[in-house]
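Since the model is a prediction, treat every value here as computed from it, not as a measurement.
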Amino acid sequence: MRQLKILFTARDPGGAGAILPVFQYFRERGECEVVIAASGIAHDWLCKQGEQPFSFFCSSNRDYICHNEDPTQLLEAADELLGNIQPDAVVTALSSFGAGIDEAVIAQAVVPTFSIQDCWGDVNTELGVTADTYFVIDDFAAKLSQDRFGVNTVVVGAPKYTRYSTLDIPSLRHQYRHLAGIADGVSMVCWFGQSPKIPGHEKVFEDFISVLPELRKNIKVVLRGHPKFAEDFALYLNQIRLAGLDVCDATGKGRAEGWLSACDLMVTPFSMSGIDHAYLTSVSPEVLGNVVYLMTNKDIQDFQFQATGIRKFPPLLNRGIGYYVDNIIKIDTVLNLALTWESRIDYYHRSKQLIFLNPCVAIYKYILECLRKE
């Protein structure tokens, strides 16, 4: 009997982090031949993890297109990849902006397609085609995805976080606090940025910087720009310095898990890094930091709702995991509260609600069952 071949794909680090444990689980089982292909920073990240992914790019040397761009070259590159590998199934990661390898192989594949959703209700319809099945975090994500896009969903949990249990989190915290130059008695406040092109993103950052001098703690700011938009964050760095604040530039440096482990407070509009922080804390043997989602203007609130279908994101907030600020008047009060030891302990204990089984097992069984029916 011919061995089944499965193609895995990713185009950003978050998606690569979600798909890598599944790829490795399939490979370890040995029942299927597995191949992984990636583009851009996802390709680089996978190489750093010791993998050897196929490199995906179009004839123009681009690896993705923006909203409403001509997809012809992208689809041709996907056709070539699929023709060379000839998989029996495709398993993709998910990305929100534009379209790339994940969306293109789903659009062009004539075999069963599966996508691993690492954010509630996230389905990319840029090319007008969705995967046959989406593996989702929980029942809320399943209903949201079905209501918004009418897609087939299977609840499995979040495979991205299976590898967190292998991390030496206390060592990461010590190492990255030293890297950031955090002295005794200083609180590390880390901004995890998203695309500067998101409406209202720059204004939220300005609101954040404006209140930092008023905080009751002695702080040092760490700026961690999104790796896709690293070159855009020089202006943000300059704004922090002009405000007279001590700052460490962490954009494109080190591991995200290191910075997340090290900070006493992480601040972001609605980055998935906030969810990463909660899951990292859930397996940590010691108290880490806290998270504040800063959404202080209508532009970014409306954009986030259109992107996620959720008004107050992420759903972890409904479990008391993190703080949400939608009014500039409340920023300093919430940041000061989130920095307290008592609040960080509370966040730590609430994060323990996120204990989970290995989602890779459920994904493996479901895909093989589907393929055996073909």
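Counting only heavy atoms from C-beta outward, the side chains of P269 and I198 never approach each other to under 4.5 Å. At a threshold of 4.5 Å between non-hydrogen side-chain atoms, the residues V111 and D88 do not count as touching. Put simply, the side chain of L371 reaches to within 4.5 Å of the side chain of I6, judged on heavy atoms. Within the 4.5 Å cutoff, no side-chain heavy atoms of N152 are placed close to those of D132.
Summarising the geometry, atom CZ belonging to F208 is positioned 7.0 Å from atom CG belonging to L335; distances are rounded to the nearest 0.5 Å. For the atom pair I209 CD1 and L242 CG, the distance stands at 10.5 Å (nearest 0.5 Å). Rounding to the nearest 0.5 angstrom, the gap separating the CD1 atom in I85 from the CD1 atom in I36 is 10.5 Å.
With sequence neighbours left out, F56 forms a ring-ring contact (aromatic ring centres under 6.0 Å, His included) with no residue at all. Residues passing the side chain to side chain donor-acceptor pair (under 3.5 Å) test with H178, sequence neighbours excluded: none.
Cluster membership check: M272 does not share its hydrophobic cluster with V136, using side-chain heavy-atom separations under 4.5 Å among Ile, Leu, Val, Met, Phe, Trp and Tyr. Both W45 and V34 belong to a single network of hydrophobic side chains, linked directly or stepwise wherever heavy atoms of I, L, V, M, F, W or Y lie under 4.5 Å apart.
Within 6.0 Å of OH on Y324 lie more than 12 heavy atoms contributed by other residues, nucleotides or ligands. The environment of F57 atom CZ is sparse: at most 12 non-hydrogen atoms of other residues, nucleotides or ligands sit within 6.0 angstrom. The neighbour count for K298 NZ, taken as heavy atoms of other residues, nucleotides or ligands under 6.0 Å away, does not exceed 12. Other residues, nucleotides and ligands contribute at most 12 non-hydrogen atoms within 6.0 Å of the NZ atom of K143. Heavy-atom contacts from other residues, nucleotides or ligands closer than 6.0 Å to CD of E286 number more than 12. Counting non-hydrogen atoms of neighbouring residues, nucleotides and ligands closer than 6.0 angstrom, the CZ atom of R216 reaches no more than 12 such neighbours.
Of all heavy-atom pairs spanning G15 and A10, the tightest one is C-CB, 4.2 Å. F23 and F8 make their closest contact through CD1-CD1, 3.5 Å (heavy atoms, listed as atom of the first residue, atom of the second, distance). Heavy-atom minimum distance, D302 versus R311: OD1-NH1, 3.5 Å. Heavy-atom minimum distance, M295 versus Q304: CE-CB, 3.6 Å. Here the closest heavy-atom approach between residue L94 and residue D122 is recorded as CD1-O, 3.0 Å. When every heavy atom of H43 is checked against every heavy atom of P53, the shortest pair comes out as NE2-O, 3.3 Å.
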Q | Step-by-step side-chain contact (heavy atoms from CB on, under 4.5 Å) determination, L280 to L167 | A | CA-CA 9 Å; L280 192 69; L167 297 176; 3.9 Å; yes
(Q) If you apply the rule side chain to side chain donor-acceptor pair (under 3.5 Å), what do you find for W120 with D138, and how did you get there? (A) CA-CA 8 Å; W120 294 264; D138 54 24; 2.9 Å; yes
Q. Going through the distances and angles, do T162 and Y25 end up as a side chain to side chain donor-acceptor pair (under 3.5 Å)?
A. CA-CA 11 Å; T162 56; Y25 186 83; over 6 Å; no
Q: Take L4 and F26 through the side-chain contact (heavy atoms from CB on, under 4.5 Å) test and state the conclusion after the steps.
A: CA-CA 11 Å; L4 294 168; F26 270 77; over 6 Å; no
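Taking the six-membered ring for Trp and the full ring otherwise, the centers of Y164 and Y279 sit at least 6.0 Å from each other. The aromatic ring centres of Y366 and F135 sit less than 6.0 Å apart.
With salt bridges taken as basic N to acidic carboxylate O contacts below 4.0 Å, one links D276 and K160. Between K203 and D207, at least one side-chain nitrogen of the basic residue sits less than 4.0 Å from a carboxylate oxygen of the acidic one, meeting the salt-bridge criterion. Between R241 and D246 there is no salt bridge, since none of the side-chain N atoms of the basic residue sits less than 4.0 Å from a carboxylate O of the acidic one.
Checking side-chain atoms of Q194 against main-chain N and O of F270 turns up a donor-acceptor pair under 3.5 Å. Of the possible polar contacts, one joining the Y176 side chain to the R255 backbone as a donor-acceptor pair under 3.5 Å is found. At least one donor-acceptor pair under 3.5 Å links the side chain of D264 to the backbone N or O of M188. At least one donor-acceptor pair under 3.5 Å links the side chain of E69 to the backbone N or O of C66.
Taking the six-membered ring for Trp and thresholds of 30 and 60 degrees, Y347 and H277 have ring planes inclined between 30 and 60 degrees apart.
In this structure, R62 is positioned above the aromatic face of Y64, its NZ or CZ under 6.0 Å from the six-membered ring centre and within 45° of the axis.
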